[in-house]
Amino acid sequence: MSSWVSGLAGRFIVFDGIDGSGKSTQLRRLVSACTEDGVRVCQVREPGGTTVGERIREILLDRTQEGMTLRCEMLLYMASRVQLVEEKIRPALDRRELVLADRFVSSTLAYQGSAGGISRDDILAVARVAIGPTWPDLVVIFDVDPASASRRTKGVERGKGRGVRPAGSSLFDDRIEQRGDAYQAKVRQGFLEQAAADPDRYLLIDGTAPEDDVWEALVKGLRARFARS
Ligand code: TYD
């Protein structure tokens, strides 16, 4: 077993970034590497990942929910998260599995906080109630500019069961995606600020590089933090 992979057992790692940052592709690569090397992985995504969470996800991403207030939106993301932490994440950590989460509190801080306007203190206060001591060991941010990201998301749709998306179409955008590039730019800035403020807990990776280079940067970062000597 590679030492960097074995060092991941029992850790909680979050992948985050703006829509179209390429985080999900890298997450799949890491899951394969771990599985091949015998480290058990619990993979979760937000919002959703539980029966209750998937119902909350439908409301959150439904384009017809135009009247949802920002604080209601924030609390729904957090409600989905509580269920995920209690039902999936904590038990998996107790079993010494690697928990890999596609988004977590870092997304709420960036989307509803930096871009939406809710204060960091308010979001963290709710997060403390919601997740208790279950904070990630590491948050990996895949950084891309909104223009490249939106080219990716508006190209061929990958595996969300919504068929092929015509390039440049917004017909398939969910409630959050339809907020456009200016909103995404603020979200990106939010992620960059989080990473700069807490370099021990965050790993910032250039997501515009070719996929293999992004993977290499990810492995290097994980090795530096978790490899067993
Ligand atoms: P999803 O289709 O899962 O997007 P992605 O594949 O990019 O993760 O949709 C999740 C959307 O919800 C995405 O636009 C980001 C947004 N979001 C928030 O606004 N706040 C949050 O706390 C979370 C977890 C997600």
Side-chain angles (χ1 to χ4, degrees), residues 12 14-28 43-50 52-63 65 68-85 88-89 99-120 122-131 134-136 139-144 146 148-163 165 170-191 194 207:
F12 177 18
V14 172
F15 279 21
D16 222 328
I18 63 172
D19 300 274
S21 62
K23 62 185 165 49
S24 308
T25 309
Q26 297 296 328
L27 197 138
R28 279 194 293 275
Q43 189 186 341
V44 292
R45 72 155 184 183
E46 285 203 356
T50 62
V52 171
E54 291 297 326
R55 294 287 292 277
I56 296 174
R57 177 185 175 89
E58 282 168 26
I59 301 170
L60 276 167
L61 301 185
D62 178 357
R63 288 161 53 115
Q65 298 295 333
M68 190 187 301
T69 71
L70 181 63
R71 275 169 193 273
C72 174
E73 178 179 302
M74 185 269 279
L75 289 166
L76 283 178
Y77 278 111
M78 214 61 91
S80 166
R81 184 165 300 136
V82 182
Q83 189 69 30
L84 190 65
V85 166
K88 296 267 171 78
I89 296 179
V99 174
L100 275 180
D102 192 336
R103 301 193 180 282
F104 202 60
V105 175
S106 38
S107 271
T108 314
L109 286 168
Y111 283 83
Q112 284 68 46
S114 305
I118 301 180
S119 79
R120 181 183 162 79
D122 279 358
I123 292 173
L124 289 178
V126 178
R128 274 190 283 274
V129 174
I131 68 170
T134 315
W135 292 91
V139 181
V140 185
I141 303 293
F142 295 90
D143 179 47
V144 297
S148 327
S150 102
R151 272 197 299 278
R152 277 186 193 165
T153 53
K154 290 188 172 50
V156 176
E157 182 60 29
R158 300 138 303 155
K160 285 188 189 168
R162 288 181 293 189
R165 255 178 175 184
S170 62
L171 274 178
F172 296 90
D173 282 351
D174 64 40
R175 206 175 57 84
I176 306 292
E177 284 170 340
Q178 70 181 3
R179 289 177 179 167
D181 284 1
Y183 183 81
Q184 295 287 337
K186 287 190 201 159
V187 173
R188 178 195 190 193
Q189 196 52 39
F191 281 127
Q194 288 177 54

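When a residue number appears, it is its place in the shown sequence, counting from 1. Note that ligands are numbered from 1 as they come in the structure, with each ligand's atoms numbered from 1 the same way. Since we're looking at a predicted model, the values are computed, not measured.
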Within-4.5 Å side-chain heavy-atom neighbours: Arg179 and Val187: no

Strictly distance-based, threshold 3.5 Å: is any side-chain N or O of Glu177 a donor or acceptor partner for the main-chain N or O of Asp19? no

Could you tell me whether Leu61 approaches ligand 1 through its side chain, its backbone, both or neither, with non-hydrogen atoms closer than 4.0 Å? side chain

Side chain proximity check, Ile56 to Pro47, heavy atoms < 4.5 angstrom: no

If the cut-off is 4.0 Å to any non-hydrogen atom of Pro47, which atoms of ligand 1 fall inside it? 10 (C)

If you count the atoms of ligand 1 from 1 in the order shown, which ones are under 4.0 Å from a heavy atom of Gln112? 18 (C), 19 (O), 20 (N), 21 (C), 22 (O)

Is Arg45 in contact with ligand 1, taking contact as a heavy-atom separation below 4.0 Å? no

Rounded to the nearest 0.5 Å, how far apart are OG of Ser80 and CZ of Arg55? 13.0 Å

Could you tell me whether the side chain of Leu124 reaches within less than 4.5 Å of the side chain of Leu109, counting heavy atoms only? yes

Taking Tyr77's backbone N and O only, do any of them form a donor-acceptor pair with Arg57's side chain (distance below 3.5 Å, no angle check)? no

Among Lys23, Arg103, Arg57, Gln184, closest by heavy atom to atom 2 (O) of ligand 1 is Arg57

Considering residues at least two apart in sequence or located in another chain, which fulfil the ring pair (Phe, Tyr, Trp, His ring centres under 6.0 Å) criterion with Phe12? Phe104

What I want to know is whether Glu177 and ligand 1 share at least one N or O pair that is separated by under 3.5 angstrom. no

Report yes or no: does a heavy atom of Met74 sit under 4.0 Å from some atom of ligand 1? no

If you measure every N or O of Arg81 against every N or O of ligand 1, does any of those distances drop under 3.5 Å? yes

Run the side chain to side chain contact (heavy atoms under 4.5 Å, CB included) test against Lys186 and tell me which residues pass, sequence neighbours left out. Ala115

N/O of Tyr77 under 3.5 Å from N/O of ligand 1, yes or no? yes

Atom 14 (O) of ligand 1: which of Asp102, Ile18, Asp19 has the nearest heavy atom? Asp19

Show which atoms of ligand 1 fall inside a sub-4.0 Å distance from at least one heavy-atom site of Thr108. 21 (C), 22 (O)

